[in-house]
Protein chains: 2
Amino acid sequence: MPRPARFTRSEVIASALQLADEQGLAAVTMSAVAARLGVTPMALYAHVDSKEHLLDLLVEAVLCELPETDDLPDGWSQLEILARELRGTAGRHPAVFPLLLQRPAVAGGSLRLRARIRDALHACGVPVDAADRGERLVSTIALGFLASETSGRFAEVPPEQRDADFELLLELVRQGLPVLHRRSSRR
Amino acid sequence: MPRPARFTRSEVIASALQLADEQGLAAVTMSAVAARLGVTPMALYAHVDSKEHLLDLLVEAVLCELPETDDLPDGWSQLEILARELRGTAGRHPAVFPLLLQRPAVAGGSLRLRARIRDALHACGVPVDAADRGERLVSTIALGFLASETSGRFAEVPPEQRDADFELLLELVRQGLPVLHRRSSRR
DNA sequence: ACCTGAACACCGTTCAAGT
DNA sequence: ACCTGAACACCGTTCAAGT
């Protein structure tokens, strides 16, 4: 008869995430993850399709950490909060974050985040037919900055200056947002 | 007496770049690069420190492809041209481009690009003490978009829509640029 | 159904040896 | 100085076998 599994997929993900946080993405090895669970590498394949699949699950796990924000009055506040939360998450999982840029955002956590950005943009007065495009642009700007920050491109820039950079980036987006208010597709 | 080398560092870089362009970054293997030169993998180490070093050289090679633009009247035109050239380069070397986000831009090609962006910003009226920060923000936005485009995050978005996204991103930056005109460090 | 042990086809890199 | 051959310590993954 079927024996109960000795460990779950969630435990696999948790182990991989700890490994990534502590020693970087290169340390996330099927062997290392298995060792952390006291198990053979091949045992992982009962819970996970492949290493690529595991990395996808890692991205999902990180995105699901984003707290649900209670509804704020204006749309810009929502967008700002979202950006700061995302930056906090990036700081907690710097090794995993760059992966966000490398795969299409189609799983649950990604879709939820995208929907929240679209809602916030809509509350900013962006017309619905420009919401998708607006979401892509805003998230691209955010991910570009956070990936730069977490994966070494800003390594030489002192932290307090990166904080100021982030504030100015928010301000730049706020100033540029009216672009989305005009009719978006002119054909 | 010292024999002439059978191949040069440039040839190593060229082979690696071809491999990356044709079959993706995963195909850039010391063995594969060596095979393309008709040589043993270990022969590469006479011209290159390590694979990591080779990847750095690859990034440099791609950045050095950027054509020198003749000086245009206004700063914004310079910035726009630069962005379009960068996008062209990204399209030609989609596999290498994401690496740009992952390492600090300190080599020759990167520094030259950064200087050109700073000059263009200055020509846009950005004060000198905000030029560094402005360069970081503008290049972050550009790299964020181009990395997204070349490494799969926009995989589902049809090309003509990505073109329109890019135009709107330029417009958003143009609208937001005045943020840099104000005194940048208020302490 | 879940896990193991052995095996396969790869990696990047070192080292001593050849010329 | 440049390149080779053999070897090392790793990868991710398969497969047949155990329970």
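All chains are named by letter (A, B, ...) in the order of the sequence lines, taking the proteins before the strands, and each is independently numbered beginning at 1.
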[X] side-chain N/O to [Y] backbone N/O, donor-acceptor pair under 3.5 Å:
X        : Y        : result
Glu11(B) : Thr8(B)  : yes
Thr89(B) : Glu85(B) : yes
Thr40(A) : Ala43(A) : no

Measure all distances between protein nitrogen or oxygen atoms and nitrogen or oxygen atoms of nucleotides 5-10 of chain D, and list the pairs falling under 3.5 Å.
none

[X] [atom1] to [N] [atom2]: how many Å, rounded?
X        : N       : atom1 : atom2 : value
Leu44(B) : dG12(C) : CG    : C1'   : 11 Å
Leu37(B) : dC3(D)  : CG    : P     : 10 Å
Phe7(B)  : dT4(D)  : CZ    : C1'   : 12 Å
His47(B) : dA1(D)  : NE2   : P     : 13 Å
Arg6(A)  : dC3(C)  : CZ    : P     : 6 Å
Arg9(A)  : dC2(C)  : CZ    : P     : 12 Å

**Q.** All ring-ring contact (aromatic ring centres under 6.0 Å, His included) counterparts of Phe97(B), not counting sequence neighbours
**A.**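 Listed in chain order: nothing, the list is empty.
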Q: Using ring-ring contact (aromatic ring centres under 6.0 Å, His included) as the criterion, list what pairs up with His47(B), not counting sequence neighbours.
A: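 Only Phe7(B) meet the ring-ring contact (aromatic ring centres under 6.0 Å, His included) criterion with His47(B).
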With a 3.5 Å cut-off and sequence neighbours excluded, list the donor-acceptor pairs that the side chains of residues 26-36 of chain B form with protein atoms.
{"unit_1": "Arg36(B)", "atom_1": "NH1", "unit_2": "Gln18(B)", "atom_2": "OE1", "d": "2.6"}
{"unit_1": "Arg36(B)", "atom_1": "NH2", "unit_2": "Glu22(B)", "atom_2": "OE1", "d": "2.7"}

Q: Measure from the side chain of Val39(A), starting at C-beta and using heavy atoms only, and say which of dG12(D), dT4(C), dT13(C) lies closest.
A: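 Of the options given, the side chain of Val39(A) lies nearest dT4(C).
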Q. Is the number of heavy atoms from other residues, nucleotides or ligands under 6.0 Å of Glu167(A) CD greater than 12?
A. yes
Q) With a 4.0 Å cut-off, would you call Arg114(B) and Asp119(B) a salt bridge? A)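 A salt bridge is absent here (no side-chain N lies under 4.0 Å from a carboxylate O).
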Q.
Under 4.0 Å, heavy atom to any atom of DNA chain D: which of residues 48-58 of chain A qualify?
A. Ser50(A), Lys51(A)
Q) Given pairs defined as Watson-Crick or G-U wobble with both distances under 3.5 Å, what dot-bracket annotation applies to DNA chain D, with ( ) intrastrand, [ ] crossing, | other strand and . unpaired? A) ||.|||||...|||||.||
Q) How many angstroms lie between CG in Leu101(A) and OG1 in Thr150(B), if you round to the nearest 0.5 Å? A)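 Between Leu101(A) CG and Thr150(B) OG1, I get 9.0 Å after rounding to 0.5 Å.
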Q | From Leu168(B) atom CG to Asp163(B) atom CG, the distance as rounded to the nearest 0.5 Å | A |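 Spacing of CG (Leu168(B)) from CG (Asp163(B)) equals 12.5 Å.
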Q: Indicate whether OP1 or OP2 belonging to dT13(C) is found under 4.0 Å from a side-chain N or O atom of Tyr45(B).
A: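 Yes.
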Q) Pick the nucleotide of DNA chain D nearest each of Ala26(A) and Pro41(B); which residue has the one closer to the 5' end? A)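 Looking at the nearest nucleotide for each, Pro41(B) comes out on the 5' side.
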Q) Run the side chain to side chain donor-acceptor pair (under 3.5 Å) check on Arg153(A) and Thr140(B) step by step: do they pass? A) CA-CA 9 Å; Arg153(A) 200 170 73 93; Thr140(B) 292; 2.6 Å; yes
